[in-house]
Asker: 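First, the structure itself, so that you have it in front of you.
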Amino acid sequence: MLSRLMSGSSRSLEREYSCTVRLLDDSEYTCTIQRDAKGQYLFDLLCHHLNLLEKDYFGIRFVDPDKQRHWLEFTKSVVKQLRSQPPFTMCFRVKFYPADPAALKEEITRYLVFLQIKRDLYHGRLLCKTSDAALLAAYILQAEIGDYDSGKHPEGYSSKFQFFPKHSEKLERKIAEIHKTELSGQTPATSELNFLRKAQTLETYGVDPHPCKDVSGNAAFLAFTPFGFVVLQGNKRVHFIKWNEVTKLKFEGKTFYLYVSQKEEKKIILTYFAPTPEACKHLWKCGIENQAFYKLEKSSQVRTVSSSNLFFKGSRFRYSGRVAKEVMESSAKIKREPPEIHRAGMVPSRSCPSITHGPRLSSVPRTRRRAVHISIMEGLESLRDSAHSTPVRSSSHGDTFLPHVRSSRADSNERVAVIADEAYSPADSVLPTPVAEHSLELMLLSRQINGATCSIEEEKESDASTPNAAEVEALGGELRALCQGHGGPEEEQVNKFVLSVLRLLLVTMGLLFVLLLLLIILTESDLDIAFFRDIRQTPEFEQFHYQYFCPLRRWFACKIRSVVSLLIDT
């Protein structure tokens, strides 16, 4: 009896898994889930822990063993989705940015969105002019340390805090000036609300960039915002398509298609190429979810979407959850005492010994950050802070701030990017979306050839096998040859047409083969089955059998006998 109880308890322990979720303030929430627990169960646990009711804007993000990012699907098993060994590590992030953050009902929701956008600013996903950057940083400073006090805040105090990975002394002075003169008296909630209102006006608000290439091979970033689909390329936004103009999203392998129907019945198909098929599928699923959330009036209008062609099923996906309009209506009905908010102060995160994971998103002194970023938590190695999205970084000139994490190398080897009052250039940015290991070296090499920088995450992964200049030049020639040999859009269209014809031919031959087998069974077998017996007794089949099939069979038999006799004679 005792052995049975012990074996039963051991089996129950085997079915339980430890999950660690990194929250927006860089603290960690650890829980235990059953083997068959759905994503919704884990998400509800988190929201209960955060005392969060307006939870539809948020999601849980993880990275699979192939280094591909995913959003946790709430209708599926957590264990089956992660496909990795426990303990599991994930991140709690904003998944759908509110179109108007100021319209959020509860302060706790606004605070969490504030933390997310502060992350975006720190990691280079939210780009802005220097003047806007100074104002945003001053709002953060006011929210975290309160009013300026000459006794507590000596000259140059703003330089001890890091709102961006790097910024100029001129910007530091501008931040301090705004904090001293313009924001006095604002409470943390007011400063955070003003921060959200300002961030909402920026062009890259809510952008979660996916690196791709267009049909000409030029680098581009695709993103889904509360207002529509965005393509960033070169020094400008080359496409902005409202959600009501997007008619279909589709992908095949690495190729992503966006079908657009604009005014005057003008139809457009935009084609882009992702680094890997997994990245392309993730891009497609993100597009399906964002379009459903922001475009539809009711969740009952959500339909299962298939990225299929004529003969093959392809991938099927369905957004599960409420849409933006329903979320706003539900938020208006919330009636409770505002929950207490424990804001992150100036204390560094207890769970973040690595600057790769970002600060606790309080303004930690810069000297402290330089000291702690050298070590990496092994358990969170695959979930660096950029697991939320790909940083967009650009190069320009003038009075700037530099949103890039410092590496642990000497200052002469620092790799930085610049944002200024000029238009940013996402095409000059690195593209650190996780890819399969076999393609990482090729991606790093292409960036070195093009003069682009590498992210600190990629530097750490490639330190042991960094090619020298001669190897880079030799491999660069091969890479350029491969790139030049890549066919243009016309060649790809021809290949797709040939592939479709081959598929049609294979299906046709398969159907003919099945019909031939059925015919042979009907005419040659003695199976006494009611279905076959009824067919054999019909006048049409008897006429076909005696007038066509029997003469054809005799002709084939005669030919076979003649060939056999010829072979015997020789």
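Side chains are part of it too, since the values below use all heavy atoms of this structure and drop only hydrogens, waters and symmetry mates.
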Asker: Using the six-membered ring wherever Trp is involved, compare the ring planes of Tyr157 and His179 and label them parallel, tilted or perpendicular (cut-offs 30° and 60°).
Answerer: tilted
Asker: For Tyr148, does the six-membered ring have the charged nitrogen or CZ of Lys180 within the cation-pi criterion, i.e. under 6.0 angstrom from the centroid and within 45° of the normal?
Answerer: yes
Asker: Can a donor-acceptor pair be found between the side chains of Glu169 and Ser159 at a distance below 3.5 Å?
Answerer: no
Asker: Show, in sequence, the C-alpha distance, side-chain angles and deciding distance for Lys118 and Glu144, and conclude whether the salt bridge (charged side-chain N to carboxylate O under 4.0 Å, His left out) test is met.
Answerer: CA-CA 12 Å; Lys118 192 164 59 167; Glu144 293 188 353; 2.6 Å; yes
Asker: Taking the ring of Tyr17 and the ring of Phe88, is the distance between their centroids below 6.0 Å?
Answerer: yes
Asker: State whether a side-chain donor-acceptor pair under 3.5 Å links Asp214 with Gln233.
Answerer: yes
Asker: Check the orientation of Phe58 and Phe92. Use parallel for under 30°, tilted for 30 to 60°, and perpendicular for over 60°.
Answerer: parallel
Asker: Does Arg69 come within less than 4.0 Å of Asp208, counting only side-chain N to carboxylate O?
Answerer: yes
Asker: Would Glu73 and Lys38 pass as an ion pair if we require N to O under 4.0 Å?
Answerer: no
Asker: So, Arg343 and Glu107, do they make that salt bridge, N to O below 4.0 Å?
Answerer: yes
Asker: Go through the steps for Thr20 and Glu28 under the test side-chain hydrogen bond (donor to acceptor under 3.5 Å, both in side chains), then give the verdict.
Answerer: CA-CA 6 Å; Thr20 298; Glu28 292 179 355; 5.1 Å; no
Asker: Between Tyr294 and Phe96, what is the ring plane arrangement, given parallel below 30°, perpendicular above 60°, and tilted in between?
Answerer: perpendicular
Asker: Spell out, as yes or no, whether a donor-acceptor pair under 3.5 Å connects the side chain of Asp147 to the backbone of Gly185.
Answerer: yes
